[in-house]
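Lettering of chains follows the sequences in order, A, B, ..., and the numbering in each one begins at 1.
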Amino acid sequence: MAQDNSPNKTTPVNHRRSRTKFTQDQLKILIKAFDKNPYPGYATKQKLALEANTEESRIQIWFQNRRARHQKKSEPDEDLESSQDQDHLEEEIQSREDRRSRTNYTSLQLHALIEAFSNNPYPGFDSREQLAKEIGVPESRVQIWFQNRRSRFHAQRKSEPDDGDLEQRQDQEQDL
DNA sequence: CCTAATCTGATCATAACCATTATGATCAGCTCATTAGG
């Protein structure tokens, strides 16, 4: 496997995951799949990960970035598919492939996640991976869990009874 | 219903190059993004 994990690097404790460098061969595979379907399901992404010898989570990120940047580049003229277009207003085709099956966390795992979250809602890659190893789930699931948790946590902010004199501003003291 | 999975869009950050660009990684989502599985 081409997993290089240089541990001797001044210990970048809480950093993001190192950049993945795709080869031309890998990009060829990904681009071809993207042209075929920009919204691959989990099975397709896993197949691509195997074929390109990378991780499924990297495939996911790559497709997200690709959609955001290479979305509608051409003009929408030759986009129409002639036949097969009888009625598309009520019965929408769920073209989406199957997504990854839901992860079921045990109370023990949840406990560890919640505790880690209270310590640091923004764990870096190393922290995420360590935690993932401890509770026995993939790091990508840990990352998703933190994203969802933060989203819900931030939402609580709205039902705060302010005392009128509390003028709030966006204080993003994001220490790093 | 709850919440994991997924999505868009913006932004940060890094590997190429030598100030700029391309692109991978991460973030929020607002009176809480949307979709969907158990």
Asker: Please determine, for B:dG9, whether a Watson-Crick or G-U wobble partner exists with both distances under 3.5 Å, and give it or none.
Answerer: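 Matched B:dG9 with B:dC27 under the 3.5 Å cut-off.
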Asker: For A:Phe146 and B:dA25, what is the distance between atoms CZ and C1' respectively, to the nearest whole Å?
Answerer: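 Result: 17 Å.
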Asker: Tell me, please, whether A:Phe34 has A:Arg66 positioned over its six-membered ring: NZ or CZ under 6.0 Å from the ring centre and within 45 degrees of its axis?
Answerer: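 Positive - A:Arg66 is close enough to the ring of A:Phe34 and near enough to its axis.
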Asker: Could you walk me through whether A:Thr44 and A:Glu97 pass the side-chain hydrogen bond (donor to acceptor under 3.5 Å, both in side chains) check?
Answerer: CA-CA 8 Å; A:Thr44 301; A:Glu97 302 176 7; 2.6 Å; yes
Asker: Report the distance from atom CZ of A:Phe125 to atom P of B:dC27, rounded to the nearest whole Å.
Answerer: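 Spelled out: CZ on A:Phe125 to P on B:dC27 is 13 Å.
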Asker: Using Watson-Crick or G-U wobble geometry with both distances under 3.5 Å, which nucleotide pairs with B:dA19?
Answerer: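 No nucleotide pairs with B:dA19.
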Asker: Round to the nearest Å and state the distance from A:Phe153 atom CZ to B:dA33 atom C1'.
Answerer: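 So the CZ-C1' distance, A:Phe153 to B:dA33, works out to 19 Å.
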Asker: Rounded to the nearest Å, what distance is computed from the CD1 atom of residue A:Ile61 to the C1' atom of nucleotide B:dT6?
Answerer: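 These atoms are roughly 11 Å apart.
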Asker: Is there a donor-acceptor pair closer than 3.5 Å between any side-chain N or O of A:Gln26 and the backbone N or O of A:Thr23?
Answerer: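 Present.
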Asker: Measure distances between side-chain N and O atoms of A:Arg67 and base N and O atoms of B:dT8, and say whether any donor-acceptor pair falls under 3.5 Å.
Answerer: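 Between B:dT8 and A:Arg67, which were checked side chain against base, a qualifying N/O pair under 3.5 Å is absent.
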Asker: Scan residues 135-144 of chain A against DNA chain B and write down, sorted by residue number, each residue with any heavy atom closer than 4.0 Å; if none is found, say none.
Answerer: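 Within residues 135-144 of chain A, the residues near DNA chain B are A:Arg141, A:Gln143, A:Ile144.
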Asker: Measuring from the side chain of A:Tyr122 (C-beta onward, heavy atoms only), which nucleotide among B:dT14, B:dC27, B:dT26 has the closest atom?
Answerer: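 For A:Tyr122, the side-chain atoms sit closest to B:dC27.
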Asker: On the side chain of A:Asn148, is there an atom forming a donor-acceptor pair with the base of B:dA5 - under 3.5 Å, no angle test?
Answerer: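 For A:Asn148, whose side chain was compared with the base of B:dA5, there is a donor-acceptor pair (under 3.5 Å).
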Asker: Name the pairs: protein N/O against N/O of nucleotides 16-18 of chain B, kept only if under 3.5 Å.
Answerer:
none

